[in-house]
Amino acid sequence: MLVLEKVTKTFPVGGGSVKVAVNRVDLTIEKGQFVTVIGSNGAGKSTLLNLIAGRYLPDRGRIVLDGVDITRWSEHRRARFIGRVFQDPLQGTAASMTIEENLSMAERRGQRRTLARGVTRSGRSRYRELLAPLGLGLESRLQSEVGLLSGGQRQSLSLIMATMTRPSLLLLDEHTAALDPKTAKQVLDLTTRIVGEYGLTTLMVTHNLEHALRIGDRTIMMHEGGVVLDLSGPERTRMTVQDLLQEFTRVRGADLLDDRLLLT
Ligand SMILES: Nc1ncnc2c1ncn2[C@@H]1O[C@H](COP(=O)(O)OP(=O)(O)OP(=O)(O)O)[C@@H](O)[C@H]1O
Ligand SMILES: [Mg+2]
């Protein structure tokens, strides 16, 4: 279970003033819950995920994961319990390392540095088992450099790397946005399969309202650093993309024409 209490993060914007990126957010996510996060550009979605992952420390508030207060923990220390996949396929994997080296690194994520250990035979067979169900043939290319993979293959590998230690929390920040629609769908299907199979507590940022409503079991909308809509159960099931767009217009009180939302 993840609990945020009055979490606030500001950034200096010059001239002595600040931008409140995340504003007193209270949020409780039950164990195993799959939450989709929507909101227009600059709403604070990535900052919220960055606060949870420890990339930024909050100015105020508390973050508690499975009963442990991790508010002041470093990003590295949290990495053992939190898996992440970013929008940019280049970000989640090391291009000049092989598939098996990436997997081995991910397996030891957040642990104390040990003497550089090579990839073991048992590691290899474990990696093959993890990769085979993807249907991408990666299991027979363990010694290929990751830089040779396509964007979709890299995102699939990132997802495996983020989840292979069965983290307490999985954070996905528009992880299919840079992919073509067909590949995006494959990576999304893989996402729901892994999350379901491992019962992972998950936060997934998306600009696709259809995905936001139909994937997972709860949808939150952010606006100006706050959570302005929180949907689950029958209320969420009944909600259409059209209704959601209306909600957007209502909270923003302005037109949406230049928003990326309408383009997806
Ligand atoms: N490192 C930073 N330094 C200064 N300002 C930042 C930083 N990170 C985010 N911000 C600002 O905080 C606000 C929230 O940004 P954030 O990236 O969280 O939005 P977002 O909801 O993820 O938007 P998008 O949909 O465009 O990804 C924005 O005004 C942004 O400019
Ligand atoms: Mg973002």
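In listed order, ligands and their atoms are each counted from 1. Just so you know, these numbers come straight off a predicted model, no measurement behind them. If you read the sequence from its start, that first residue is 1, and numbering goes on from there. Computed from heavy atoms alone, side chains included, the values below leave out hydrogens, waters and symmetry copies.
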Subject >> Heavy-atom nearest neighbour of atom 14 (C) of ligand 1 within options Gly14, Pro12, Gly42 >> reply: Gly42

Subject >> Side chain proximity check, Leu149 to Leu138, heavy atoms < 4.5 angstrom >> reply: yes

Subject >> Proximal ligand 1 atoms for Ala43, defined as those under 4.0 Å from one of its heavy atoms >> reply: 19 (O), 20 (P), 21 (O)

Original post:
Under 4.5 Å between any side-chain heavy atoms of Glu75 and Arg84, yes or no?
Top reply: yes

Subject >> NZ/NE/NH1/NH2 to OD/OE distance under 4.0 Å, Lys185 and Asp189 >> reply: yes

Original post:
Of all the atoms in Ser46, is at least one N, O or S atom closer to the Mg ion (ligand 2) than 2.8 Å?
Top reply: yes

Subject >> Residue part near ligand 1, for Met222, under 4.0 Å between non-hydrogen atoms >> reply: neither

**OP:** Taking only heavy atoms of Ser46 into account, list the atoms of ligand 1 that are under 4.0 Å away from them.
**Re:** 17 (O), 18 (O), 20 (P), 22 (O), 27 (O)

**OP:** Considering the heavy atoms of Thr47, write down every atom of ligand 1 situated less than 4.0 Å from one of them.
**Re:** 9 (C), 14 (C), 15 (O), 16 (P), 18 (O)

Original post:
Near His207, which atoms of ligand 1 are under 4.0 Å from a heavy atom of that residue?
Top reply: 25 (O)

**OP:** Looking only at distances, please establish whether an N/O atom of ligand 1 is found under 3.5 Å from an N/O atom of Gly44.
**Re:** yes

Subject >> Under-4.0 Å salt bridge between Asp66 and Lys31 >> reply: yes

Original post:
Taking all atoms of both residues into account, what is the closest heavy-atom pair of Gly152 and Leu179, and its distance?
Top reply: N-CD2, 3.7 Å

Original post:
Nearest non-hydrogen atom to atom 25 (O) of ligand 1 belongs to which of Arg55, Lys9, Lys45?
Top reply: Lys45

Original post:
Hey, does Leu203 have a side-chain heavy atom less than 4.5 Å from the side chain of Asp173?
Top reply: no

Subject >> ligand 1 atoms in contact with Asn41 (distance to a heavy atom under 4.0 Å) >> reply: 23 (O), 24 (P), 25 (O), 26 (O)

**OP:** Can you establish whether the number of heavy atoms outside Arg124 located under 6.0 Å from its atom CZ is more than 12?
**Re:** yes

**OP:** Answer with yes or no whether the hydrophobic clustering places Phe248 together with Ile220; edges join I, L, V, M, F, W, Y residues whose side-chain heavy atoms lie under 4.5 Å apart.
**Re:** no

Original post:
Considering distance alone, does some N or O of Leu48 sit under 3.5 Å from an N or O of ligand 1?
Top reply: no

